[in-house]
Amino acid sequence: MLPSENTAELPLPAFDARVLARRAALPLAAAAVAVAVLVLAGGPLHAFTDALRRALEADPRWVLAAIGFEIVSFSGYIALLWLVGERATPRMGLRASAEVTLAGAAVTRLLPTGGAGGVALTLWALRRTGLESREATRTLLTFLVLLYAVFLAAIVVAGGLIALGLGGATGGHVALAAGVALGATTAIVLAVAAALSRPREGGRIARAAGSLGHGVRDAVVFLRQADGRLLGAPIWWAFDAAVLYGMLNAFGAPPAVAVVVLGYFVGMVANTIPIPGAVSGGMVGVLLAFGVEADLALASVLSYRALAIWLPAPVGLLAIGSLRRTVARWGAEGEAPAAPAPLPAPARHWAPGREPALNAA
């Protein structure tokens with residue numbers, strides 16, 4: 001769900017080192033106690049103890065590779081936001097896109113934003129460029145459609161290969177892979193149906209379908225341009241998943257790539273569940289279902305989460321300050337410069353003139 005217009009008007013969250021320290025203190029203390037218990041207890045907790053031992057014996061080459069994968073992953077996100085944002089307003093250039101991406105990562109990970117900090121901050125930044133609320137929301141939705149189209153396609157491919165016995169996976173649950181692939185396929189079909197349907201007035205569901213249809217149609221416009229920055233979407237997902245693959249290699253022998261991909265994306269789907277640890281639990285659950293040793297799955301997933309959460313945080317905190325200065329400069333400059341020429345529209349199935357151009361002011 002996209003943030004509301006009121007959310008877009010909120011000020012950029014201020015960074016308070018004392019608040020951050022208090023937020024980090026409890027998890028660190030809990031982790032220290034857990035480590036002590038696991039080391040001393042053993043017995044039925046042997047899987048956790050073995051996971052800790054694996055972590056201490058990690059291959060540093062794969063750990064460094066995983067760090068590099070995460071950096072490359074963020075470059076993909078920045079490139080895609082640059083492409084979509086710059087089409088709506090020239091103020092959303094490469095530097096501004098990088099600031100928004102990294103600041104959004106810090107807000108999502110370190111501040112109490114309920115997991116939606118990055119999306120809310122992106123919408124906030126688009127509004128501060130001078131875009132009207134409707135156009136800023138539509139630009140953000142187009143970006144998310146391009147990003148999550150790759151997400152759904154990856155689930156369909158990985159789940160389909162495993163279900164058909166072509167993914168190199170041994171053991172596991174074919175029904176699980178088939179069900180996940182079917183769910184992602186259904187989501188794609190519904191998105192395409194929303195894009196092909198005629199706009200109509202109605203309740204909340206009809207309005208949501210209409211907005212999704214706009215986003216899908218606008219995303220098709222970008223795809224037809226074949227801009228190299230479109231590769232940012234697959235780069236974002238592929239290299240972030242590669243961090244998990246790198247951790248599996250660092251601690252032992254990884255399963256088939258299709259299993260890693262499926263486990264990664266199922267875990268990301270679990271991110272929609274407002275329960276702490278849902279992402280890690282989803283990833284570990286899929287890996288265990290396909291025969292990965294419990295200690296290897298635990299050590300790899302928890303290490304992946306540590307890298308994904310804390311590696312971007314310091315740079316993101318710096319980006320928040322830089323974004324503040326960029327927004328202040330925009331305010332001093334006054335009205336935004338003219339947007340680029342409109343992209344050619346794809347074939348449409350709605351009445352001409354009823355929908356604004358992709359980059360309408």
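Residue indices begin at 1 and follow the sequence shown.
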Ignoring hydrogens and angles, tell me if any N or O in the side chain of [X] forms a donor-acceptor pair with the backbone of [Y] under 3.5 Å.
X	Y	answer
T89	G85	no
R324	A328	no
S75	V72	yes
S73	F239	no
W237	Y148	no

Begin from the C-alpha positions of L223 and L146 and carry the test side chain to side chain contact (heavy atoms under 4.5 Å, CB included) through to its verdict. CA-CA 9 Å; L223 291 174; L146 288 168; 4.1 Å; yes
Report the C-alpha distance between T129 and W330 in whole Å, list the side-chain angles of each, state the deciding distance to 0.1 Å, and finish with yes or no for side chain to side chain contact (heavy atoms under 4.5 Å, CB included). CA-CA 7 Å; T129 65; W330 290 340; 3.5 Å; yes
Can you check salt bridge (charged side-chain N to carboxylate O under 4.0 Å, His left out) on R91 and E333, steps first, answer last? CA-CA 11 Å; R91 282 179 168 170; E333 291 172 353; 3.4 Å; yes
Heavy atoms only: give me the nearest [X]-[Y] pair and the separation to one decimal.
X	Y	answer
P234	V150	CA-CG1, 3.8 Å
V63	M247	CA-CE, 3.7 Å
T139	A88	OG1-CB, 3.4 Å
F265	A154	CE1-CB, 3.4 Å
A219	T142	N-CG2, 3.8 Å
L176	A289	CD2-CB, 4.2 Å

Check whether any side-chain heavy atom of [X] lies under 4.5 Å from a side-chain heavy atom of [Y], and answer yes or no.
X	Y	result
R325	R329	no
Y245	V261	no
R138	D218	yes
V266	M283	no

Working to the nearest 0.5 angstrom, can you tell me the gap between [X] [atom1] and [Y] [atom2]?
X	Y	atom1	atom2	result
E86	M92	CD	CE	10.0 Å
R305	S300	CZ	OG	14.5 Å
T122	L140	OG1	CG	6.0 Å
L296	N249	CG	CG	9.5 Å
L248	E293	CG	CD	11.0 Å
W82	R87	CH2	CZ	12.5 Å

Only counting residues at least two apart or in another chain, list the ones meeting side chain to side chain contact (heavy atoms under 4.5 Å, CB included) with A191. L212, V216
Taking side chain to side chain contact (heavy atoms under 4.5 Å, CB included) as the test, write out the residues that go with A184, two or more places apart. L152, I155, V156
According to a hydrophobic-cluster definition based on side-chain heavy atoms being under 4.5 Å apart (Ile, Leu, Val, Met, Phe, Trp, Tyr only), do [X] and [Y] belong together?
X	Y	answer
L94	L147	no
V286	L302	no
L190	V180	no
L318	V100	no
I320	Y77	yes

Assess the pair W62 and F251: is the distance between their ring centroids shorter than 6.0 Å? no
Candidate list F74, F143, F151, F69, test ring pair (Phe, Tyr, Trp, His ring centres under 6.0 Å), partner W236, passing option: F74
Using side chain to side chain contact (heavy atoms under 4.5 Å, CB included), reason through E70 and L307 one step at a time and then give a plain yes or no. CA-CA 8 Å; E70 188 68 10; L307 278 178; 5.6 Å; no
Give the C-alpha distance, both sets of side-chain angles, the deciding distance and a yes or no for side chain to side chain contact (heavy atoms under 4.5 Å, CB included) between L323 and L121. CA-CA 10 Å; L323 181 59; L121 186 139; 3.8 Å; yes
